[in-house]
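In what follows, a single structure is set out as structure tokens and then discussed.
Worth saying up front: this structure is predicted, and the values here are computed from it rather than measured.
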Amino acid sequence: MMREILFRGKDINTNKWCYGGYVRKVLFKNTKDEKIRHYIFDGENAGPIVMHEVNPETVGQAIWLKDVNGNEIFEGDIVEEVKPEWDEPSRAVAVFEDNNFVFGYNTGAILSVEFFYNEIKIIGNIFDNEDLFEKIFEQHKIEYYQEMKELHGDLESL
């Protein structure tokens, strides 16, 4: 059985998400006008393949894990624990690092998707919800600072 490899990216004309296969095409190779274009193509329908030129910065692969609502999780998605062990739910961003999909925290901590046992839901992504991503970064920075303060005392006096 072949595993489907699914990508998404934002169409450069409509700014809407497109889902399907991914191809990178070089135009005018080895000339001063050489350009690289990025496409998401839909090969699911019975008609012709539809190709959408996408912003390469938004291209991300599905990580082969779904959230509690059955939504495929992609690189760049922001996820949150459904039933947090602590007072505040843990939040992280799905990333590809060292040939593995992980949930990355801005403190530098990572958690492999294979070992993530808690139920999670997608609450946004780093492209459409930049303010949420910044809020998560700030929260983790504060938590990290508090941990370091407990371990090492007042860091500002160092």
Side-chain angles (χ1 to χ4, degrees), residues 1-84 88-143:
M1 182 175 156
M2 280 183 60
R3 182 183 334 175
E4 180 184 20
I5 300 176
L6 183 65
F7 290 87
R8 76 172 177 194
K10 282 194 143 191
D11 186 295
I12 63 167
N13 296 313
T14 64
N15 205 33
K16 292 184 179 179
W17 287 106
C18 304
Y19 299 84
Y22 170 66
V23 65
R24 195 183 114 202
K25 187 173 183 180
V26 179
L27 304 174
F28 314 114
K29 191 171 184 175
N30 298 324
T31 70
K32 65 178 181 161
D33 295 323
E34 181 176 302
K35 295 179 181 172
I36 300 173
R37 301 281 170 92
H38 301 263
Y39 298 92
I40 298 291
F41 61 92
D42 174 15
E44 296 283 320
N45 55 26
I49 294 175
V50 177
M51 295 185 71
H52 302 271
E53 187 173 355
V54 295
N55 177 344
E57 293 176 8
T58 65
V59 172
Q61 186 176 349
I63 68 169
W64 305 301
L65 183 66
K66 294 184 178 185
D67 75 353
V68 294
N69 298 317
N71 297 314
E72 195 81 42
I73 300 172
F74 287 84
E75 292 176 82
D77 278 341
I78 301 169
V79 297
E80 174 180 89
E81 287 179 296
V82 174
K83 297 176 183 171
E88 288 292 320
S90 184
R91 292 178 174 169
V93 177
V95 294
F96 189 74
E97 186 175 288
D98 296 329
N99 294 321
N100 195 12
F101 289 107
V102 297
F103 290 114
Y105 297 87
N106 290 331
T107 59
I110 60 170
L111 182 61
S112 176
V113 296
E114 290 104 17
F115 300 109
F116 201 85
Y117 298 114
N118 296 340
E119 289 186 318
I120 54 176
K121 65 180 175 182
I122 299 169
I123 60 169
N125 64 66
I126 62 173
F127 309 105
D128 295 329
N129 310 99
E130 200 172 306
D131 56 332
L132 177 60
F133 181 62
E134 289 173 8
K135 184 178 173 184
I136 292 169
F137 175 77
E138 197 58 39
Q139 180 62 36
H140 285 292
K141 196 164 77 172
I142 291 167
E143 289 171 4

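- Put simply, the side chain of K10 reaches to within 4.5 Å of the side chain of W17, judged on heavy atoms.
- A distance of 3.5 Å separates CD1 in I12 from CD in E53, rounded to the nearest 0.5 Å.
- Across every non-hydrogen atom of A94 and I63, the tightest pair is CB-CD1, 4.3 Å.
- The NZ atom of K35 sits 13.5 Å away from the NZ atom of K25 when rounded to the nearest 0.5 Å.
- The closest donor-acceptor contact from the side chain of D128 to the backbone of N125 lies at 3.5 Å or more, if one exists at all.
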Going by atom type alone, with no hydrogens or angles, which donor-acceptor pairs under 3.5 Å involve a side-chain atom of residues 65-73 and a protein atom two or more places apart or on another chain?
from: D67; atom 1: OD1; to: N69; atom 2: N; distance (Å): 3.0
from: D67; atom 1: OD1; to: G70; atom 2: N; distance (Å): 3.2
from: D67; atom 1: OD1; to: N71; atom 2: N; distance (Å): 2.9
from: D67; atom 1: OD2; to: I122; atom 2: N; distance (Å): 3.1

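- The CE atom of M51 lies 11.0 Å from the SG atom of C18; values are rounded to the nearest 0.5 Å.
- Between I123 and K121, some side-chain heavy-atom pair lies under the 4.5 Å cut-off.
- Distance CG/N55 to CD1/I40: 11.0 Å, rounded to 0.5 Å.
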- Stepwise, does the side chain to side chain contact (heavy atoms under 4.5 Å, CB included) test hold for I5 with Q61? CA-CA 7 Å; I5 300 176; Q61 186 176 349; 3.3 Å; yes
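- Taking CD of E57 as the reference point, atom NE2 of H38 lies at 9.5 Å (rounded to 0.5 Å).
- With respect to F7, the ring pair (Phe, Tyr, Trp, His ring centres under 6.0 Å) criterion is satisfied by exactly one of F74, Y39, Y22: Y22.
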